[in-house]
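Report on the structure given below.
Start at 1 and go down the list; that is how both ligands and their atoms are numbered. Position 1 is the first residue of the sequence, and the numbers go up from there.
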Amino acid sequence: MRMSKGHIGRRLLKAAVAGVALAASGAAFAELGQPAPWEYKLQQGVTPVMENIVWFHHFLLVIITGITLLVLGLLITVVVRFNARANPVPSRTTHNTLIEVAWTLIPVLILVAIAVPSFRLLFLELDVPKADLTVKATGKQWYWTYSYPDNGKFEFDSLLAQDKKPRLLGVDNEMVVPVNKVVRVQTTGADVIHSFAVPAFGIKIDAIPGRLNETWFKATKTGMYYGQCSELCGKDHAFMPIAVRVVTDKEFAQWVEVAKKKFASASTTELASAAGATQ
Ligand SMILES: [Cu+2]
């Protein structure tokens with residue numbers, strides 16, 4: 001069956017309308033701190049770093065769109081105007097100084113324009129400001145252990161909770177941090193390399209056995225934020241989510257008091273068994 005041009009056009013239009021509708025409904029369901037169905041954009045940022053990443057992403061998108069359209073325009077011009085049929089007698093041009101200077105200089109200027117905000121962002125990410133709180137995240141096969149060395153030195157495990165929403169992201173014990181505070185995250189691996197990543201915070205850092213990496217975030221909105229281990233670490237790599245609950249200072253202080261009691265017994269039994277094992 002052959003389709004007429006009008007038929008194909010209508011089909012394409014229908015597909016485009018469906019695509020836009022899907023994207024719009026995906027955006028409508030988008031919740032802060034977690035992925036949405038049919039999402040094609042970056043998650044909404046809630047830290048200065050992620051806002052910067054999103055800005056840089058859009059900035060690059062504009063530049064690359066411009067470059068792509070320019071190259072497409074040049075290609076079409078060459079195909080239409082400079083083919084053998086249109087030019088029975090070929091031109092003998094071999095040099096054009098202006099064009100040669102332009103096609104050297106313009107890409108250099110574009111790269112410089114990209115390099116400046118790129119380095120600024122890199123320094124923002126890597127230069128950890130004075131931290132209000134430190135949380136150590138240890139990647140294990142296949143869950144995370146969070147330690148709070150500043151707040152009474154307790155630690156707990158955070159495992160995937162099958163019954164919790166969102167699916168494959170909910171955990172039994174969330175990492176809890178206060179809002180608008182600089183949180184330094186230290187990461188290490190207990191067995192193999194894992195990676196601690198939370199899209200809404202704009203952080204992703206490897207958790208490597210025998211090393212202590214660090215990154216930071218300052219969440220400006222309270223809420224739940226989800227991430228995943230982002231370094232293939234074994235059979236249950238897909239089942240060790242990261243869930244961070246950002247709360248007010250008061251709620252954080254209350255949580256610390258509860259957590260200290262709740263997780264103290266676990267850590268003392270662990271300590272006792274460790275001591276027993278060494279004797
Ligand atoms: Cu992993």
Side-chain donor-acceptor distances from residues 182-189 under 3.5 Å, at least two apart:
| unit_1 | atom_1 | unit_2 | atom_2 | d |
| --- | --- | --- | --- | --- |
| R184 | NE | T134 | OG1 | 3.2 |
| R184 | NH2 | T134 | OG1 | 3.0 |
| T187 | OG1 | D206 | O | 2.8 |
| T188 | OG1 | I208 | O | 3.2 |
| T188 | OG1 | R211 | O | 2.7 |

- Which value, rounded to 10°, describes the O(E231)-the Cu ion (ligand 1)-SG(C229) angle? 90°

- How would you list all residue pairs meeting salt bridge (Lys or Arg N to Asp or Glu O under 4.0 Å) that involve residues 122-147, not counting sequence neighbours? none

- Item | Name of whichever N/O/S atom of H237 is nearest to the Cu ion (ligand 1) | ND1

- Query: Strictly under 2.8 Å, is any N, O or S atom of H194 next to the Cu ion (ligand 1)?
  - Reply: no

- Item | From L42 atom CG to F56 atom CZ, the distance as rounded to the nearest 0.5 Å | 12.5 Å

- Distance in Å, F239 CZ paired with Q228 CD, rounded so as to fall on 0.5 Å steps: 10.0 Å

